[in-house]
Amino acid sequence: MTKNLKTLIHRLTGVLCLCAMLFSAGIFASCTENKDEVEEFANWKSTNDTYWQKLYTATEQKIKAGDTSWKLILNYTLQGQQANSGATLSYRPEDYIIVHVEETGTGTVTPIYSDSVAVHYKGQLIPSTTYTAGLIFDKSWSKDVFDASTSRPAHLQVGSVVDGFATALQQMHKGDHWTIYIPYQLGYGSSKTGSVPAYSTLIFDLRLVGIAHVGQKLKI
């Protein structure tokens with residue numbers, strides 16, 4: 001074997017070893033990166049199903065114990081069916097929204113489906129991997145903490161929001177401040193909507209500050 005040929009083989013061997021080292025490093029780096037990645041909403045459907053069942057059961061117990069600050073409100077589309085049918089109908093936990101009354105207002109009327117409302121609200125999810133207090137996906141005020149003196153309410157049509165939100169609005173009076181819990185069946189269901197993943201329980205901090213009937217304008 002000539003000296004030039006030996007030199008060429010030596011160089012090729014070095015190149016192949018370097019490539020192998022780089023390839024191996026790439027694989028290990030990739031595995032390390034994948035290992036460090038976090039799945040934010042892992043097992044989200046089962047997590048929300050379990051959360052809702054526990055919350056529903058706990059709310060039932062509080063109501064039976066006489067705590068009037070908690071309410072179970074049947075989805076507005078189902079209300080009246082039992083009276084109309086004359087039969088005893090059975091409903092599931094996910095047919096209800098859960099309400100915790102934070103403050104009771106002085107209003108005497110409640111909105112109807114065709115009304116418009118002025119509200120302050122913040123919507124968030126149940127705790128997830130890194131959002132331990134629950135991802136805030138929307139809110140009507142700009143500051144971190146609600147300030148009634150600087151916050152401008154959002155104007156919404158009762159009939160344009162998800163069933164759970166509409167159910168709450170139609171039970172509220174002006175001045176009411178509620179925390180409402182909406183099962184995904186009465187929220188966005190099995191569809192991802194914006195930053196809200198499918199099968200998400202929705203939690204709203206909600207304050208009703210104005211009501212307008214059809215043909216009227218909200219003055220707030």
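Hydrogens, waters and symmetry mates play no part in the numbers below; they use all other heavy atoms, side chains included. Everything numeric in this text was worked out from a predicted model, so none of it was measured.
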CG (Leu125) and OG1 (Thr47) are apart, to the nearest 0.5 Å, by 12.0 Å
Supply the atom-to-atom distance Ile180 CD1 to Ile203 CD1, rounded to the nearest 0.5 angstrom. 10.5 Å
For Asp67, which residues count as a side chain to side chain donor-acceptor pair (under 3.5 Å) partner, sequence neighbours excluded? Ser69
With a 4.5 Å cut-off on side-chain heavy atoms, are Lys122 and Ser140 touching? no
Flag yes if Tyr113 and Leu186 sit in one hydrophobic cluster, no otherwise; membership is Ile, Leu, Val, Met, Phe, Trp, Tyr, and two members link when side-chain heavy atoms are under 4.5 Å apart. no
From CG (Leu169) to CD1 (Ile211), nearest 0.5 Å: 9.0 Å
Are any non-hydrogen side-chain atoms of His177 and Leu206 less than 4.5 angstrom apart? no
Is Val214 isolated, or which residues cluster with it under the ILVMFWY side-chain rule of less than 4.5 Å, directly or via members? none
Mind checking who shares a hydrophobic cluster with Trp141, ILVMFWY linked at side-chain heavy-atom distances under 4.5 Å? Phe146
Measuring only between side-chain heavy atoms, which start at C-beta, is Ile73 closer than 4.5 Å to Tyr96? no
With sequence neighbours excluded, give me every side chain to side chain donor-acceptor pair (under 3.5 Å) pair touching residues 208-220. Asp115-His213
Can you find a heavy atom in the side chain of Tyr181 that is under 4.5 Å from one in the side chain of Tyr56? no
For Asp95, salt bridge (charged side-chain N to carboxylate O under 4.0 Å, His left out) partners two or more places apart: Arg92
Determine which pairs satisfy salt bridge (Lys or Arg N to Asp or Glu O under 4.0 Å) with at least one residue from residues 196-205, sequence neighbours left out, and list them in order. Asp205-Arg207
Interatomic distance, CG@Asp176 vs NZ@Lys174, rounded to 0.5 Å, equals 12.0 Å
Can you tell me which residue pairs pass the side chain to side chain donor-acceptor pair (under 3.5 Å) test with a partner in residues 124-138, sequence neighbours excluded? Glu40-Ser128, Glu40-Thr130, Tyr121-Asp138
Heavy-atom donor-acceptor pair, Ser46 side chain to Asn43 backbone, under 3.5 Å: yes
Acceptor/donor pairs from residues 101-112 side chains to any protein atom, 3.5 angstrom cut, sequence neighbours excluded:
| unit_1 | atom_1 | unit_2 | atom_2 | d |
| --- | --- | --- | --- | --- |
| Glu102 | OE2 | His100 | ND1 | 3.0 |
| Glu102 | OE2 | Thr179 | OG1 | 2.7 |

Pair up each side-chain donor or acceptor in residues 189-201 with any protein partner under 3.5 Å, not counting sequence neighbours, and list the distances.
| unit_1 | atom_1 | unit_2 | atom_2 | d |
| --- | --- | --- | --- | --- |
| Lys192 | NZ | Gly194 | O | 2.4 |
| Ser200 | OG | Trp44 | NE1 | 2.8 |
| Ser200 | OG | Pro197 | O | 2.7 |
| Thr201 | OG1 | Asn48 | OD1 | 2.9 |

Test log, rule side chain to side chain contact (heavy atoms under 4.5 Å, CB included), inputs Leu202 and Tyr184: CA-CA 7 Å; Leu202 308 178; Tyr184 63 78; over 6 Å; no
Could you note down all residue pairs passing salt bridge (Lys or Arg N to Asp or Glu O under 4.0 Å) where residues 140-150 supplies at least one of them, sequence neighbours left out? none
Output a table of donor-acceptor pairs, distance under 3.5 Å, between side-chain atoms of residues 154-168 and any protein atom two or more places apart or on a different chain; print 'none' if there are none.
| unit_1 | atom_1 | unit_2 | atom_2 | d |
| --- | --- | --- | --- | --- |
| His155 | NE2 | Ile220 | O | 2.5 |
| Ser160 | OG | Gln157 | O | 2.7 |
| Thr167 | OG1 | Asn75 | OD1 | 3.3 |
| Thr167 | OG1 | Tyr76 | N | 3.1 |
| Thr167 | OG1 | Asp163 | O | 2.7 |

Sorted by chain and number, sequence neighbours left out, salt bridge (charged side-chain N to carboxylate O under 4.0 Å, His left out) with Lys62 holds for none
